[in-house]
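Below is one structure; the comments refer to it alone.
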Amino acid sequence: MFQIRKEISSISQGSSNISSYFNRIKKLWDELTFSISYPPCVCGCKEAFQKIEEDQKVHQFLMGLNENYSNVRRNILMMKPLPNIDTVYAILIEDESQADAKNSIPSFSLESASFTTAV
């Protein structure tokens with residue numbers, strides 16, 4: 001468990017896209033979940049602990065993002081209540097695809113354009 005937690009604390013997006021980064025960290029979360037056995041809940045606070053764990057995953061995921069996601073990260077952190085990890089992932093995938101689409105649009109320069117007209 002120590003090794004898994006250490007990897008989770010040091011993971012970052014690096015040169016990966018959002019999907020690859022998410023899959024790497026999710027694999028570690030799944031390994032950690034498999035390694036921990038919680039006692040059965042008799043007090044009814046299971047949902048509260050699950051929300052705490054979910055929020056922790058959101059924070060861990062957002063901490064590892066590259067700085068070009070700082071605006072979307074800030075917007076997510078301002079949401080009340082904090083969205084679950086699946087929603088955060090969907091928001092980031094959408095932001096990434098919009099950025100990719102924006103970068104793939106050819107730029108148009110008036111200086112290099114020539115216009116011809118036919119009479």
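Just so it is clear, the structure is predicted and the values come from calculations on it, not from any experiment. Values below: every heavy atom of this structure, side chains too, minus hydrogens, waters and symmetry copies.
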Next item on the list: Could you point out which residue of Glu67, Arg74, Arg73 forms a side chain to side chain donor-acceptor pair (under 3.5 Å) with Asn71?
Entry: Arg74
Pair up each side-chain donor or acceptor in residues 87-94 with any protein partner under 3.5 Å, not counting sequence neighbours, and list the distances.
| from | atom 1 | to | atom 2 | distance (Å) |
| --- | --- | --- | --- | --- |
| Thr87 | OG1 | Asn84 | OD1 | 2.9 |
| Tyr89 | OH | Ser19 | OG | 3.4 |
| Glu94 | OE2 | Gln98 | NE2 | 3.0 |

Note to self: Assigning hydrophobic clusters by single linkage (Ile, Leu, Val, Met, Phe, Trp, Tyr; side-chain heavy-atom cutoff under 4.5 Å), is Leu28 placed with Met63?
What the structure shows: no
Check: What's the shortest heavy-atom distance between Leu62 and Ile76, and which atoms?
Finding: CD1-CG2, 3.9 Å
Margin query: Apply the hydrophobic cluster definition, ILVMFWY joined by side-chain contacts under 4.5 Å directly or through others, and give me every member besides Ile52.
Written below: Phe49
Next item on the list: Could you tell me which residues satisfy side-chain hydrogen bond (donor to acceptor under 3.5 Å, both in side chains) with Asp86, sequence neighbours excluded, listed by chain and number?
Entry: none
Notebook entry, point to check: Considering residues at least two apart in sequence or located in another chain, which fulfil the side-chain hydrogen bond (donor to acceptor under 3.5 Å, both in side chains) criterion with Lys6?
Noted result: none
Next item on the list: Please confirm whether the backbone N or O of Gly64 pairs with a side-chain atom of Gln13, one donor and one acceptor, at under 3.5 Å?
Entry: no
Checklist line | Selection residues 34-46 - residue pairs positive for salt bridge (charged side-chain N to carboxylate O under 4.0 Å, His left out), sequence neighbours left out | finding: none
Check: Can you pull the ring-ring contact (aromatic ring centres under 6.0 Å, His included) pairs that have at least one residue in residues 60-88, sequence neighbours excluded?
Finding: Tyr21-Phe61, Phe22-Phe61
Checklist line | Ser20 side chain vs Ser16 backbone, donor-acceptor pair below 3.5 Å | finding: no
Notebook entry, point to check: Under 3.5 Å, side chain of Glu31 to main-chain N/O of Ile4, donor-acceptor pair present?
Noted result: no
